[in-house]
Amino acid sequence: MSVSKPSIPKGTRDFGPEKMMKRTFVLESIKSVFKKFGFLPLETPTMENLNVLTGKYGDEGDQLIFKILNSGNYLEGVASDQIDLGYKKMTPMISEKALRYDLTVPFARYVVMNRNDIAFPFKRYQIQPVWRADRPQKGRYREFYQCDADVVGTDSLLCEAEIVMLIMEVFAKLNIADYSIKINNRKILQGIVAAIGRLGEETTLCVAIDKLDKIGKQGVTEELLSKGFAQTEIDQLMPIFELTGKSEEIIATLKSFLQSSEIGLKGISEVEEIFLLLEKLHIASPPLVLDLSLARGLSYYTGAIFEVKANQVQIGSVSGGGRYDNLTGIFGLPGVSGVGISFGVDRLYDVMEELGLFPSLTHQTTKVLITYFDKKGFNYGLNFLAKLRQTNISAELYPDVVKIKKQFEYADKKKIPYVAVIGDEEMQENKISIKNMLTGVQERCTLEETILKLSEH
RNA sequence: GAAGAUGUAGCUCAGUUGGUUAGAGCGCUAGAUUGUGGUUCUUGAGGUCGUGGGUUCGAUCCCCAUCAUUUUCCCCA
């Protein structure tokens, strides 16, 4: 083996036929629900202009963007002393395009570019891969799919309520029964920060609080202390984030804590409104819980935030989203509020695999393989092949004249449920033998009988 | 960027306190069965033990370096 072993880039994966069938099932399930809720499809280019992406994900995010080296002589126009400026300043000189980092920013770009043609409120779904130059880990890849659905151009809390419904329908389609949707509101978090006199530092608080279930009360306290919060402030905060129980009770406690914070009270009433809307939508008891420790790292959220967890599997969140009031502002279109939800296909796949929730997907393979003993049988089989396909039965004729055993093994490996056998006797009778590979039963059929038999299910 | 783990057959992994021909299961080949897969039995093929160097009479094993893979921290889906 003197040739080099082939490999794929770190953090990327091949999806063989079996995995693809399962992935397709997940993706199609999500897509069908998106459509049902009135979302329209959108696809954007794999690459965006680098300046569209930079500065949108924070300093660290910029580092994680896959840059594309300019074609041709990319060093043209770069003076030799400019290398001393460092790679950060050099990058835009040799790279003007990059792979998309998420689907939200390209969507915002699209909305701004097409603002005159779009009918607002605009609901779009988008299912495409994204790339991050991260260090791969368990459940984390450099190339992965996102399934986003967003509504922009309306403040209505109906969108939030619908997102809850949408999540419920997706999980029902995927047969995942045991899950919970956590909801919180950035305005409440803002109010809490304001209540302890730390207005403007909600991002710091969010990043720390978001880890509560991961690193515990102690860890969060340490992180906040290191970020300049006082122990007395933290002592005020912690009881709030440890509130559990019924959402109504949490809300009642919150109302008194935040009574002086206008923004905080607004957040509370938004949450209440969402619960109310769901009731009117006949969703009596949604798996929805108010969780004040839910913060989500992304800084552009301004209102409701969501996260979905599968309860029986330890894998983190499988879906998340929220409302952002000014995503298009960075591209020069302020005042367009949006709210969105994103499903993590790879994690959903893992959850379903672990719980054994995939239905049998064998119907996606060939229905019948036509086998034969010699060239004469091959020619006879061609007619059957064509006729079967005309009636929309997925059929194959084994392409090479080989031992029948070989052909059967092929059918078995491919899990083809029926094998047609053509020998001299069949040809004389103008028939074909159809064997059911599951039961082992075999009988001779005419073309019409074959079609009837194979069309059954 | 930091720390750890692992590299042995196509795959999953044994193994040798350093000693002649490095093993298993699965997969693959061929046959038992020249008109029949999945089960069973038999057969055969397949390895520079990640790469380079060192110690040694002798290294897959010990030491050093290097590369690759992977996990955790940070951050994220």
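Quick note on labels: first sequence line is chain A, next is B, and so on, each numbered from 1.
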Worksheet, complete the sentence: Partner of B/U70 under the Watson-Crick or G-U wobble criteria, both distances under 3.5 Å, comes out as B/G4
Fill in: Atom C1', compared across B/A5 and B/G18: separation rounded to whole Å
24 Å
Fill in: Worked check of side-chain hydrogen bond (donor to acceptor under 3.5 Å, both in side chains) between A/D150 and A/T104
CA-CA 9 Å; A/D150 291 80; A/T104 313; 5.3 Å; no
Worksheet item: In whole angstrom, what separates A/E426's CD from B/U36's C1'?
Response: 11 Å
Discussion item. For a quick check, tell me whether the side chain of A/R140 and the base of B/C75 share a donor-acceptor pair closer than 3.5 Å.
Written reply: yes
Practice prompt. For A/Q146 and for A/R135, find the nucleotide of RNA chain B with the closest heavy atom, then tell me which residue's nucleotide is more 5'.
Written response: A/R135
Item to complete: State the pairing partner of B/C26; accept Watson-Crick or G-U wobble contacts with both distances under 3.5 Å, and report none otherwise.
Response: B/G10
Give each protein N/O atom lying under 3.5 Å from an N/O atom of nucleotides 30-32 of chain B, with the pair distance.
from  : atom 1 : to     : atom 2 : distance (Å)
B/G31 : OP1    : A/K403 : NZ     : 2.9
B/G31 : OP2    : A/K403 : NZ     : 3.3

Item to complete: Check whether the side chains of A/N326 and A/T302 place a donor and an acceptor atom closer than 3.5 Å, and report yes or no.
Response: no
Item to complete: Report yes if a side-chain nitrogen or oxygen of A/Q137 is closer than 4.0 Å to either non-bridging phosphate oxygen (OP1 or OP2) of B/U71; otherwise report no.
Response: no
Worksheet item: Using the C1' atom in both, what is the distance from B/U43 to B/A30, to the nearest Å?
Response: 7 Å
Item to complete: Report the relative orientation of the aromatic rings in A/F343 and A/F34; use parallel for angles under 30°, tilted for 30 to 60°, perpendicular for over 60°.
Response: tilted
Fill in: For B/A32, the Watson-Crick or wobble counterpart (both distances under 3.5 Å)
B/U40
Discussion item. Over 60° means perpendicular and under 30° means parallel, so tell me whether A/Y372 and A/F378 are parallel, tilted or perpendicular.
Written reply: perpendicular
Item to complete: Using the P atoms only, state how far B/G15 lies from B/U34, rounded to an integer number of Å.
Response: 43 Å
Discussion item. Check this for me: does the side-chain of A/Q407 come within 3.5 Å of the base of B/G35 through a donor and an acceptor?
Written reply: no
Discussion item. Consider side-chain contact (heavy atoms from CB on, under 4.5 Å). Of A/Y418, A/F384, A/Y398, which one does A/I370 pass it with?
Written reply: A/F384
Practice prompt. For A/K413 and for A/R132, locate the closest nucleotide of RNA chain B by heavy-atom distance; then report the residue assigned to the nucleotide nearer the 5' terminus.
Written response: A/K413
Discussion item. Give me the distance, rounded to whole Å, that separates B/U12 from B/G52 when you measure between the C1' atoms they each carry.
Written reply: 28 Å
Item to complete: Could you tell me whether A/R13 sits above the aromatic face of A/Y141, with NZ or CZ closer than 6.0 angstrom to the six-membered ring centre and within 45 degrees of the axis?
Response: yes
Discussion item. Rounding to an integer number of angstrom, what distance separates B/C26 and B/C41 when you compare their P atoms?
Written reply: 9 Å
Practice prompt. Scan side-chain atoms only and decide if A/Y410 and A/K414 contain a donor-acceptor pair under the 3.5 Å cut-off.
Written response: yes
Worksheet item: Rounded to the nearest Å, what distance is computed from the CG atom of residue A/D62 to the P atom of nucleotide B/G1?
Response: 17 Å
Worksheet item: Which whole number of Å gives the distance between the C1' atom of B/A22 and that of B/G47?
Response: 9 Å
Item to complete: Quote, to the nearest angstrom, the C1' distance that separates B/U39 from B/G50.
Response: 39 Å
Discussion item. With a 4.0 Å limit, can you tell me whether A/K10 has a side-chain N or O closer than that to the phosphate oxygens OP1/OP2 of B/A68?
Written reply: no
Worksheet item: If we ignore angles and hydrogens, is there a donor and acceptor under 3.5 Å between the side chains of A/E426 and A/S433?
Response: yes
Discussion item. Over all strands shown, is A/S342 touching base, sugar-phosphate only, or nothing at heavy-atom distances under 4.0 angstrom?
Written reply: nothing
Worksheet entry | Nearest-neighbour nucleotide for the A/E409 side chain, B/G37, B/G35, B/C75 considered | B/G37
Worksheet item: Is the aromatic ring centre of A/F373 closer than 5.5 Å to the centre of the six-membered base ring of B/G35, with the two planes inclined by less than 30°?
Response: no
Worksheet, complete the sentence: Re B/A65: Watson-Crick or G-U wobble partner, both distances kept under 3.5 Å, found to be B/U51
Worksheet item: A/G61 near the nucleic acid: base, sugar-phosphate alone, or nothing, with a heavy-atom cut-off under 4.0 Å?
Response: nothing
Item to complete: Go through the N and O atoms of the side chain of A/K435 and the base of B/G37, and report whether any donor-acceptor pair is under 3.5 Å.
Response: yes
Practice prompt. Apply side-chain hydrogen bond (donor to acceptor under 3.5 Å, both in side chains) to the pair A/K375 and A/N379, showing each step before the final yes or no.
Written response: CA-CA 6 Å; A/K375 195 74 192 170; A/N379 285 321; 5.4 Å; no
Worksheet item: Rounded to the Å, how far apart are A/K376 NZ and B/G35 C1'?
Response: 14 Å
Worksheet item: Partner of B/A45 by Watson-Crick or G-U wobble geometry, both contacts under 3.5 Å, or none?
Response: none
Discussion item. Is A/K211 close enough to B/C75 that one of its side-chain N or O atoms is under 4.0 Å from OP1 or OP2 there?
Written reply: yes
Worksheet item: Could you state the CD-P distance from A/Q63 to B/C74, rounded to the nearest angstrom?
Response: 18 Å
Practice prompt. Using a heavy-atom cut-off of under 4.0 Å over every strand shown, decide if A/Y141 touches base, sugar-phosphate, or nothing.
Written response: base
Worksheet item: For the pair made of OH in A/Y101 and C1' in B/C75, what is the distance, rounded to whole Å?
Response: 8 Å
Discussion item. Measuring only the C1' atom in each nucleotide, how far is B/U60 from B/C76? A whole number of Å is fine.
Written reply: 41 Å
